[in-house]
Amino acid sequence: MASADATGGGAAESRPVVTRFAPSPTGYLHIGGARTALFNWLFARHHGGKYLLRIEDTDRARSTDAAIAAIHDGLEWLGLGGDEPAVYQFARTARHAEIAQMLLDSGHAYRCYLTPEELAERRALAQAERRPFRIDSEWRDCHAQGPAGTPFVIRIRAPREGETVIDDLVQGRVAVSNAEIDDFVLLRSDGTPTYMLAVVVDDHDMAVTHVIRGDDHLNNAFRQLVILRALGWPEPAYAHVPLIHGADGAKLSKRHGALGVDAYRDDLGILPEALFNYLLRLGWGHGDDEIISREQAIQWFDIAHVGKSPSRFDLAKLQNLNGHYMREADDGRLAHLVAQRIGYDVDLMLLERAMPVLKVRAKDLNELATGARFLIAPGPPPLDAKAEALLSDEARALLGTIHERLEARVDWTSEDLEATLKELAEELGLGLGKLAQPLRAALTGQTTSPGIFDVLVLLGRGESLARIAAQARTAADLDSMKE
RNA sequence: GGCCCCUUCGUCUAGCGGUCAGGACGUAGCCCUCUCACGGCUAAAACACGGGUUCGAUUCCCGUAGGGGUCACCA
C-alpha cells in the first residue's frame, strides 16, 4: 500500500491531484482554517493540480449568507480562492440520499428505529456504569422494517473485526481497531445526510485525491473509509495537519483574541503576504528559510515536512514578518491602505511621498497610520507629554533662533536644510541633537519621528515655519518674562 | 474514562546514528545615529524523564510524565 510517489499512496497516485478546502460557515474564516486552505492550495499548485472549495452548509441553522461571504472574502484576501466555483454541500442532499439508498440496497447500511431518547438513555447508563458506550443497534441484524410511518435513520453496517489502517502523509501509519468504529448515522430521520456521508460523496464526486485537513478529523477518516470501502470507491490520500494553539498552548479560542483572518486584516493591520508567510512557517519548515514568497512556497512545499506536533500562534513573529513586508510594499498601496484606515480625505500623494520614511518605523498598518498623523492633521500638532517636557524655555528660545535661520532659506531641500542646521549647531557649540529634538517636538508633537530633515521637507517650508513659530519663544518673549 | 496523536532554546523551526545541536522571532548588550525605527555585530537560551538497541543516541524501540484531538440524527 505504501507508495514511493511523493504525492502519497493509495489509488490516488494515478489520478491528477485534486485538493479541497471545505470550511463550514461559522461567521469568519478561522485562522486555522486559513492555514489548512493554504496547505491545500500549495499542494495542488506544487503538483500542478486543482484546488477546490466546498462550503459545508448542511447545518442550516448555522449557515448564513453573511458567514459564507466572510469566508470567501478572507480566502480572496489571502489569494486562496478556489480554481472553480465553490460547491455548496446543501445543494447536493439528493445525491447524498441516493448514495445512502445504494448502501441500504447493497446491505452495507440498515434502517435503525432507535429514537434519540433511547440512545441518550443507553449512553447515560453506560456512563453510570463507567463503561465505554458504543452504539449496538438491534436493528443491525434484524432485516425487518419498522412499523410504517415510524421515523428511522440509516446507519452504516461497520465491520467489527480486524483493524483499519491509514498511511497518513503527515501522521504516518495509524491503525485503529474496527471495534472502535460504531455504526454511525449516514442519513438522519429527516432524510438529510450527516457530515460523514456528505464528505465522502462530495470528495468522490469532486474527484478529490488528497484530503488535507485538521488533525481533529483523523478519527473521522476511519469512518469515512468504511463508507468508501462499502461503495468500492477509490480512497484518497490523507494528510492530517496538527492544529494551531494559542500562546498558552491551549486550543485556539475566542479568549486568545483574533480568530478570524478579517481581524488580522482590519484590527491588527496585517498584510496578506505577511499572514501567508507566517501561516506557511507554522508547522512547516524549509531549512533556515524564513522569508518565503508565494512562488518559492509553491516550489518548495511538501507535505513530508509538515510537523506532527501542534504549534502555538505567536503574534510577535507575525508582526515582525509584517514589518518586513511593509518595508517591501509599494508606497502607493500603503498610502491607500492608510488613507482607508484614517477614514477622511487625505493627501494621497503626500502620504505616498512620505511612505519610504514612514514604513520602516511601523510593523502594522495601525502604527503606520499613527506615524503619519503629524503629516495629515492640519496645523501645529498637539504636544504629547514627552514633547511638552522637552520644550523648555531654553528649547523654545532655540526654536526662535532656528526659525530665524530657516526663514532665510528658500531652497528647502534636505541637503540644504541639513547644512544650515549643522552650521547653526556648530555656531552655537551644540550637537545636532540639541536642535533636532525641539524641532521634532514642534513639528510633530512627538519626540520620535522620521529623520528631521525628511520631516521638514515633507511638511514644506510654510507649514514647517508655522509649526516652529507656534512653539518658539522669541527674544521679546524672553525679555518680557524677565521683567 | 476509551481510542488516537504529539514532545529540540520562552515561541516557530533545521536535524533524518557520530554536529561546538543551526536559523528566525522575542530578550539583553554593543555599533550606526538628530529621535524612533531599519540595518550590522555579540550574548543568554533547547534535545521532557527512565530504560533498552548500538562502538556511539536528539535521531531507532519500549515505558513514564506532560500536552492535544476525538468519542452526536454538529461539522
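Remember, it's a predicted structure, so these values are computed and weren't measured experimentally. All chains are named by letter (A, B, ...) in the order of the sequence lines, taking the proteins before the strands, and each is independently numbered beginning at 1.
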A:L243 side chain, from C-beta outward: closest of B:G69, B:C73, B:U11: B:G69
Contacts of type side chain to side chain contact (heavy atoms under 4.5 Å, CB included), residue A:H108, not counting sequence neighbours: A:L103, A:S106, A:A230
Watson-Crick or G-U wobble partner of B:C49, both distances under 3.5 Å: B:G63
Of the listed nucleotides B:G23, B:C25, B:G69, the one nearest the side chain of A:R281: B:G23
Complement of B:C3, any strand, by Watson-Crick or G-U distances under 3.5 angstrom: B:G69
Phosphate OP1/OP2 of B:U13: any A:S311 side-chain N/O under 4.0 Å: yes
Aromatic contact, A:W284 with A:H305 (centres under 6.0 Å): no
Watson-Crick/G-U partner (both atom distances under 3.5 Å) of B:U54: none
Distance, C1' atom - from B:A46 to B:G51, rounded to whole angstrom: 22 Å
Check: A:F21 ring centroid to A:F39 ring centroid under 6.0 Å: no
Audit row: A:R213, A:T36, side-chain hydrogen bond (donor to acceptor under 3.5 Å, both in side chains) steps and yes/no: CA-CA 6 Å; A:R213 75 232 299 194; A:T36 301; over 6 Å; no
Pairwise C1' distance for B:G52 and B:G17, with rounding to whole Å: 16 Å
B:A14 phosphate, OP1 or OP2, under 4.0 Å from A:H305 side-chain N/O: no
A:F313 and A:Y278 aromatic ring geometry - parallel, tilted or perpendicular at 30°/60° bounds: perpendicular
A:D190 CG: over 12 foreign heavy atoms closer than 6.0 Å: yes
Phosphate-side-chain proximity, A:R155 and B:C73, N/O vs OP1/OP2 below 4.0 Å: yes
B:C9 to B:G23 separation - C1' atoms, rounded to the nearest Å: 12 Å
Summary of protein contacts for nucleotides 32-48 of chain B, nucleotide by nucleotide, where a base hit scores B, a sugar-phosphate-only hit scores S (4.0 Å, heavy atoms): --BBBBSS---------
Salt bridge (Lys or Arg N to Asp or Glu O under 4.0 Å): pairs with one or both residues in residues 25-36 of chain A, sequence neighbours excluded: none
Set of residues satisfying side chain to side chain contact (heavy atoms under 4.5 Å, CB included) with respect to A:P25, sequence neighbours excluded: A:I55, A:D57, A:S63, A:A67, A:I68, A:I71
Span that lies between the C1' atom of B:A44 and that of B:U11, in whole angstrom: 16 Å
Gap in Å between the two P atoms, one belonging to B:A21 and one to B:G63, rounded: 30 Å
Any pair counted as salt bridge (Lys or Arg N to Asp or Glu O under 4.0 Å), so long as it reaches residues 87-97 of chain A, sequence neighbours left out: A:R92-A:D202, A:R92-A:D205, A:R95-A:E98, A:R95-A:D205
Those residues that, when tested against A:E290, pass salt bridge (Lys or Arg N to Asp or Glu O under 4.0 Å) (two or more places apart): A:R281, A:K317
Donor-acceptor pair (no angle test) under 3.5 Å: A:N220 side chain, B:A75 base: yes
B:U58 versus B:G22 - spacing of their C1' atoms, nearest Å: 13 Å
Sugar-phosphate only, base, or nothing, as touched by A:L390 at under 4.0 Å among non-hydrogen atoms: nothing
Residue closer to the 5' end of RNA chain B, A:R35 versus A:D57 (nearest nucleotide): A:R35
Summary of protein contacts for nucleotides 3-9 of chain B, nucleotide by nucleotide, where a base hit scores B, a sugar-phosphate-only hit scores S (4.0 Å, heavy atoms): SSSSS--
Salt bridge flag under 4.0 Å for residues A:R333 and A:E273: yes
Touch class at under 4.0 angstrom, heavy-atom based, for A:T26 against every strand present: nothing
B:C41 - base-pair partner by Watson-Crick or wobble geometry, distances under 3.5 Å: B:G29
Base partner of B:C16, which must satisfy Watson-Crick or wobble distances under 3.5 Å: none
Under 4.0 Å protein heavy-atom contacts per nucleotide of nucleotides 57-63 of chain B, with B for base, S for backbone only and - for none: -------
Between B:U35 and B:C16 - C1' atom distance, rounded Å: 49 Å
Base-pairing mate for B:A24 - Watson-Crick or G-U, with both contacts under 3.5 Å: B:U11
Sugar-phosphate, base or nothing in reach of A:H240, heavy atoms under 4.0 Å: nothing
Please tabulate, one pair per line, each protein N/O and nucleotide N/O from nucleotides 16-22 of chain B that are separated by under 3.5 Å, including the distance.
residue : atom : partner : partner atom : Å
B:G22   : N2   : A:D288  : OD1          : 3.1

Set of residues satisfying salt bridge (Lys or Arg N to Asp or Glu O under 4.0 Å) with respect to A:R122, sequence neighbours excluded: A:E138
Sugar-phosphate only, base, or nothing, as touched by A:G283 at under 4.0 Å among non-hydrogen atoms: sugar-phosphate
Contacts of type ring pair (Phe, Tyr, Trp, His ring centres under 6.0 Å), residue A:Y195, not counting sequence neighbours: A:H217
Within residues 422-432 of chain A or reaching into it, pairs that qualify as salt bridge (Lys or Arg N to Asp or Glu O under 4.0 Å) - sequence neighbours excluded: A:R405-A:E427, A:E418-A:K422
Short side-chain N/O contact to B:A75 OP1/OP2 from A:T194, under 4.0 Å: no
Lys NZ or Arg CZ of A:R155 over A:Y110 ring: under 6.0 Å, within 45°: no
A:E56 bridged to A:R54 by N-O distance under 4.0 Å: yes
For B:C36, the Watson-Crick or wobble partner whose two distances fall under 3.5 Å: none
Distance below 4.0 Å between A:R123 side-chain N/O and B:C73 OP1 or OP2: yes
Pairwise P distance, B:C12 and B:G26 [rounded to whole Å]: 15 Å
Sugar-phosphate, base or nothing in reach of A:V153, heavy atoms under 4.0 Å: base
